[in-house]
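As the structure is a computational prediction, the values presented were derived from the model and not from experiment.
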Amino acid sequence: MLVPDISLIDPEKRHQWRQVQPLIWSLPDSAPREDLGRSVMRTLFDQPRWLEAFHLYDDRGSELFERICDLPEYYLTRTENSILESSAARIISAAPVEAIVELGAGYSKKTIHLLREQARQRRSGIFAPIDVSLPGLMAARDFTAANFPDLRFLGLHALYEAAFSSVARDIPSLFVFLGSSIGNFTAPAFIRFFTQLARAMGPDDYLLLGADRIKDTGVLERAYNDSSGITGTFILNVFNNINGVTGSNFDVSKMRYHSSYDSEWAQVEMYAIASAPHEIHFPSFGASFNWVKDERILVEISRKFDPVRLQQQLKFFDLSPVEHYTDANQWFSLLLFKKALRTP
């Protein structure tokens, strides 16, 4: 049985959190409904139209993404998992921490390797997954209880920027950000995210970062356009979520999915394209637009990285490279960093 423990939450911020499930705490004000709606409107009325990737991950979207991770074309999950399986002992040894804080955890399937080594090498510790999906956190809690009873569990139900800012800086923690989720950030969002994360980290904290690498275009495009069509369903499902958030009337039957790799920007771009014209109304905002046939809405990007340049860049966020782990094909990288103390 897992032991309740909220010591990882900064004492000055504990009053902001409320318990919503056994061992799971939520930050109610981290994503108010009005702010979600406005974030949709601000990008859908941009030129050209686009969406922020976090809107993809309602409960249905999270389930679809778990299915994507098992697709034969989607090499990222199994490649990263194999690196974690072979390198977890070295990672945990190199990062002497009390807590493992996983950002955007989902169902925490890959983190099992790190948890196993934390339990084996240290006999105790805290596992604190962060996610906006409550079912995912509940699944992670139940799995942890069944397999790692010596670890304390603290599920954080919030946007990860809001949650990691509540983590106590005096408890040595390994922040884990897997799946090359950084690839979903636009350049400004990348800068903002790492500025906030580095500011939230304590002097004895580490970061384990998964990054998909630049590779053959065919491999990349197949990974985001699977033969079973699940990726397309995942991308278009965002409009069902938007309908719920804004009261809009997007019709998924009048759109199609398209993806391609832009080699200049080193990113896969995933679009919803209107297959028929339709008027989109947002009654709660008193706004509308005509989505004309063949007009694209950029739903998600997935940037690819040169790991050496990424290590160099993150030095300017006070994150010092510790180790680089990769696979035999050098398709994916796991990068370990330590929070650096800035010298005057």
Ring pair (Phe, Tyr, Trp, His ring centres under 6.0 Å) involving Phe239 - partner list, sequence neighbours excluded: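 Checked Phe239 against ring pair (Phe, Tyr, Trp, His ring centres under 6.0 Å); matches are Phe250, Trp291.
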Partner set under ring pair (Phe, Tyr, Trp, His ring centres under 6.0 Å) for Trp17, not counting sequence neighbours: none
Which heavy atom of [X] sits nearest to which heavy atom of [Y], and what is that distance?
X: Ala266; Y: Tyr261; answer: CA-OH, 3.3 Å
X: Leu27; Y: Ala162; answer: CD2-CB, 3.7 Å
X: Ser7; Y: Ile126; answer: OG-CD1, 3.9 Å
X: Ala223; Y: Thr231; answer: O-OG1, 4.4 Å
X: Ser259; Y: Val268; answer: CB-CG1, 4.5 Å
X: Ala53; Y: Asn184; answer: CB-CB, 4.1 Å

Do [X] and [Y] have side-chain atoms, one donor and one acceptor, less than 3.5 Å apart?
X: Glu73; Y: Ser227; value: yes
X: Asp10; Y: Ser166; value: no
X: Asn81; Y: His113; value: yes
X: Asn237; Y: Asp58; value: yes
X: Glu269; Y: Gln267; value: yes

Measuring from atom [atom1] of [X] to atom [atom2] of [Y], what distance do you get when rounded to the nearest 0.5 angstrom?
X: Leu151; Y: Ile100; atom1: CG; atom2: CD1; result: 7.5 Å
X: Phe337; Y: Leu174; atom1: CZ; atom2: CG; result: 12.5 Å
X: Ser133; Y: Arg60; atom1: OG; atom2: CZ; result: 13.0 Å

Has [X] got a side-chain atom pairing as donor or acceptor with [Y]'s backbone, closer than 3.5 angstrom?
X: Arg14; Y: Ile9; value: yes
X: Ser275; Y: Lys254; value: yes
X: Asp251; Y: Ser253; value: yes
X: Ser93; Y: Ala89; value: no
X: Arg141; Y: Pro22; value: yes
X: His278; Y: Ala276; value: yes
X: Asn243; Y: Gly247; value: no
X: Asp327; Y: Thr79; value: no
X: Ser284; Y: Thr246; value: yes
X: Asn290; Y: Val292; value: no

CD/Glu12: more than 12 non-hydrogen atoms of other groups inside 6.0 Å: no
Ile214/Phe305 under side chain to side chain contact (heavy atoms under 4.5 Å, CB included): CA gap, chis, key distance, verdict: CA-CA 6 Å; Ile214 298 169; Phe305 298 92; 5.9 Å; no
Pairs satisfying ring pair (Phe, Tyr, Trp, His ring centres under 6.0 Å), at least one member in residues 161-183, at least two apart: Tyr160-Phe177, Phe164-Phe193, Phe177-Phe193
Using the rule that two of Ile, Leu, Val, Met, Phe, Trp, Tyr join whenever any of their side-chain heavy atoms come within less than 4.5 Å, decide whether [X] and [Y] are in one cluster.
X: Val219; Y: Trp265; result: no
X: Val40; Y: Phe289; result: yes
X: Leu51; Y: Val252; result: yes
X: Leu207; Y: Val308; result: no

Within-4.5 Å side-chain heavy-atom neighbours: [X] and [Y]:
X: Phe148; Y: Phe143; result: yes
X: Glu221; Y: Ser260; result: yes
X: Pro188; Y: Thr186; result: yes
X: Arg213; Y: Lys304; result: no
X: Phe153; Y: Pro129; result: yes
X: Val245; Y: Ile242; result: no
X: Phe194; Y: Leu319; result: yes
X: Leu134; Y: Gln21; result: yes

Derivation of the side chain to side chain contact (heavy atoms under 4.5 Å, CB included) call for Ile91 and Leu208: CA-CA 8 Å; Ile91 293 169; Leu208 183 66; 4.1 Å; yes
Test applied, ring-ring contact (aromatic ring centres under 6.0 Å, His included); reference residue, Phe234; option that passes from Tyr74, Tyr57, Tyr257: Tyr57
Working for side chain to side chain donor-acceptor pair (under 3.5 Å), residues Ser39 and His55: CA-CA 9 Å; Ser39 75; His55 294 295; 3.0 Å; yes
One thing to verify: whether [Y] and [X] come together as a salt bridge, which I'm taking to mean a side-chain N less than 4.0 angstrom from a carboxylate O.
X: Glu98; Y: Arg152; value: yes
X: Lys110; Y: Glu80; value: yes
X: Lys215; Y: Asp212; value: yes
X: Arg49; Y: Glu295; value: yes

Under the salt bridge (charged side-chain N to carboxylate O under 4.0 Å, His left out) test, residues paired with Glu161 that sit two or more places apart: none
Please output the side-chain donor-acceptor pairs of residues 198-205 that fall under 3.5 Å, not counting sequence neighbours, one pair per line with the distance.
from: Asp205; atom 1: OD1; to: Ser173; atom 2: N; distance (Å): 2.8
from: Asp205; atom 1: OD2; to: Gly202; atom 2: N; distance (Å): 2.6

Qualifying residue for side-chain hydrogen bond (donor to acceptor under 3.5 Å, both in side chains) with Gln121, from Gln118, Arg123, Glu117: Glu117
Ring-face cation contact, Phe190 with Arg303, 6.0 Å cut, 45° max: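 Ring-cation test returns yes.
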Side chain to side chain contact (heavy atoms under 4.5 Å, CB included) between Ser333 and Tyr325, intermediate numbers included: CA-CA 6 Å; Ser333 290; Tyr325 311 91; over 6 Å; no
Criterion side chain to side chain contact (heavy atoms under 4.5 Å, CB included) on Tyr224 and Ile235, from CA distance to verdict: CA-CA 10 Å; Tyr224 295 89; Ile235 293 296; over 6 Å; no
Co-members of the apolar cluster containing Tyr271 [side chain, <4.5 Å]: Trp50, Ile273, Leu298, Ile301
